[in-house]
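Notes follow once the structure below has been shown.
Just so it is clear: chains get the letters A, B, ... in the order the sequence lines come, proteins before strands, and each one is counted from 1.
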Amino acid sequence: MAETISAPRGVNDILPGKTDAWLWLEALLRECAGSFACQEIRFPTFEHTELFLRGVGDTTDVVQKEMYTFDDKKGRSLTLRPEGTASVARAFIQHSLAGQGLPLKVYYIAPNFRYEKPQAGRLRQHHQFGVEVFGPAGAAADAELLSLAGLCMERAGLSDVSLRINSIGCPVCRPAYQKSLAAFFEARQADLCHTCHDRLARNPLRILDCKEPGCAALRQDAPPVLESLCPDCASHWEELRENLTALGIAFTVDPHIVRGLDYYTRTVFEFVGDLGAGPLTLCAGGRYDGLVKNLGGPDTPALGFGMGLERLLLALETQGILPQAPPVCELFIAAMGEEAAKRSLILTNRLRVLGVHADRDLMGRSLKAQMKTADRLGAPYVLVLGETELKENAGVLKNMRGGENIPCSLTAEDIAKSFYKL
RNA sequence: GUGGGUAUAGCUCAGGUGGUUAGAGCACCAGAUUGUGGCUCUGGGGGCCGUCGGUUCGAGUCCGAUUAUCCACCCCA
């Protein structure tokens, strides 16, 4: 026997039976996005590597160690998309979408690829539902975006999800803050954990996010971000909280939220779900006012979020609130004998053409076994086709769930009527 | 990238200190019931014990490597 091949590390098959949950969730998310007048955008799976170097930031972990980068046959460096925002911004610029009038509100459902070590809720290929809004500078847009994200999780049935927000300033106020933060931690370098030493050099903001008790204690006295915001950022921050309150959206201010992608400005947020295994970020995003300009486009404020579909489904599964999938088959036709089998082939096909989810035996099994198959498929009705039925040109739709049986002729139109009514 | 656990049937797992032909439950197939599913009973198929190498008269069991998987960290959705 030839050696078998399995899927690469960290990527999953979504098997029949499991796809129902995906279809349900995707439809729900599209519906939510539609409620907010967002249109779908689709973009390629790979981009020029340069897009992510400039968009996401070449000092970030995602870019430095997690990208699937390769050269094509002409030696161009391409990269499997590690996140969606850069691609959407690229398309926005490339097609001059600003010219069609702002704001532009788009959403996508697409896989992302990151070379990570797989673990709970972490894969090398994962899917995100993302929303990006281009144009509005005011915090009302931030509040609407958060409302949309919240609606998605609420409609999915998730409880125990908390929203945490923060503001990390803008190019006007952040450099000064980063400097003072770096100075603060440099003076106390001896007390920082090993990884925070690295963070001090690369991105001192991240020290605020460290879980080590020592670092957590140390940062108590660190200069707070929110107090170092410039007047514009401060009023945006103020406006955001007012709008959230007006919308009745519960949130907690968490000055330790720092996003790992360089393009964020001002508003950053996370929706954290409390699963059995521990807290997991289900959705995260923020404002990225500088990204479009940085990628060579018109100076356009923008904001967005990404929501991890695998994590969402994981959360729904642990809470046991995934909806039940509809049966794959509405009517199973069980045939006995060659003549009946031929008749069932034709009848089943006509029913399918009429839109009935009909199925029949293809394995040449006994009547009993066919009944069993119908049961396993969850078919609510079975039509047995045997000598008697053929002779009388009539049969009965046997109700598999204990309800009334329905007498019927053997014409597809007559049978189909019963299913249109259901 | 760093550290730890695990790997036996499609699935969940048993197989003290090495010793005949590797087991159970569930699932699958068939029969009991010559034209009727679920419940019950009986039988059946299905395994190079992750892979490669080592120790040994003898390895599912011990050792090493490798791969996969799970968990924690880094980071992230």
Look at all strands and tell whether [X] reaches a base, only sugar-phosphate, or nothing, counting heavy atoms closer than 4.0 Å.
X	answer
E389(A)	base
G10(A)	sugar-phosphate
L123(A)	base

Just wondering, do [Y] and [X] contact through their side chains at under 4.5 Å, heavy atoms?
X	Y	answer
L25(A)	L312(A)	yes
L145(A)	F269(A)	yes
L331(A)	H357(A)	no
E132(A)	Y288(A)	yes

Candidates [options] - which lies nearest the side chain of [X]:
X	options	value
R365(A)	C71(B), A30(B), U36(B)	A30(B)
E116(A)	G38(B), C76(B), U2(B)	C76(B)
Q119(A)	C73(B), U36(B), C75(B)	C73(B)
H126(A)	A68(B), G37(B), A77(B)	A77(B)

Take a 6.0 Å sphere around [atom1] of [X] and say whether it holds more than 12 heavy atoms from other residues, nucleotides or ligands.
X	atom1	answer
Q189(A)	CD	yes
E387(A)	CD	no
F46(A)	CZ	no

Calculate the interatomic distance between [X] atom [atom1] and [N] atom [atom2]; express it in whole Å.
X	N	atom1	atom2	value
K372(A)	C28(B)	NZ	P	7 Å
M336(A)	U36(B)	CE	C1'	9 Å
Q64(A)	G1(B)	CD	C1'	12 Å
L280(A)	C73(B)	CG	P	11 Å
N399(A)	G37(B)	CG	P	15 Å
L261(A)	C76(B)	CG	P	6 Å
R124(A)	C76(B)	CZ	P	17 Å

Task: Contacts of D221(A) that satisfy salt bridge (charged side-chain N to carboxylate O under 4.0 Å, His left out) - sequence neighbours left out - done: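 Partners of D221(A) by the salt bridge (charged side-chain N to carboxylate O under 4.0 Å, His left out) criterion come out as none, since no residue qualifies.
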
TODO: Could you measure between the two P atoms, the one in C26(B) and the one in A65(B), and give it in whole Å?
DONE: 41 Å

Side-chain N or O of [X] closer than 4.0 Å to phosphate OP1/OP2 of [N]:
X	N	value
K368(A)	G37(B)	yes
R376(A)	G38(B)	no
R206(A)	C76(B)	yes
Q370(A)	G37(B)	no

- [ ] With pairs defined as Watson-Crick or G-U wobble and both distances under 3.5 angstrom, please note down RNA chain B as a dot-bracket string, | for pairing with another strand.
- [x] (((((((..((((.....[...)))).(((((.......))))).....(((((..]....))))))))))))....

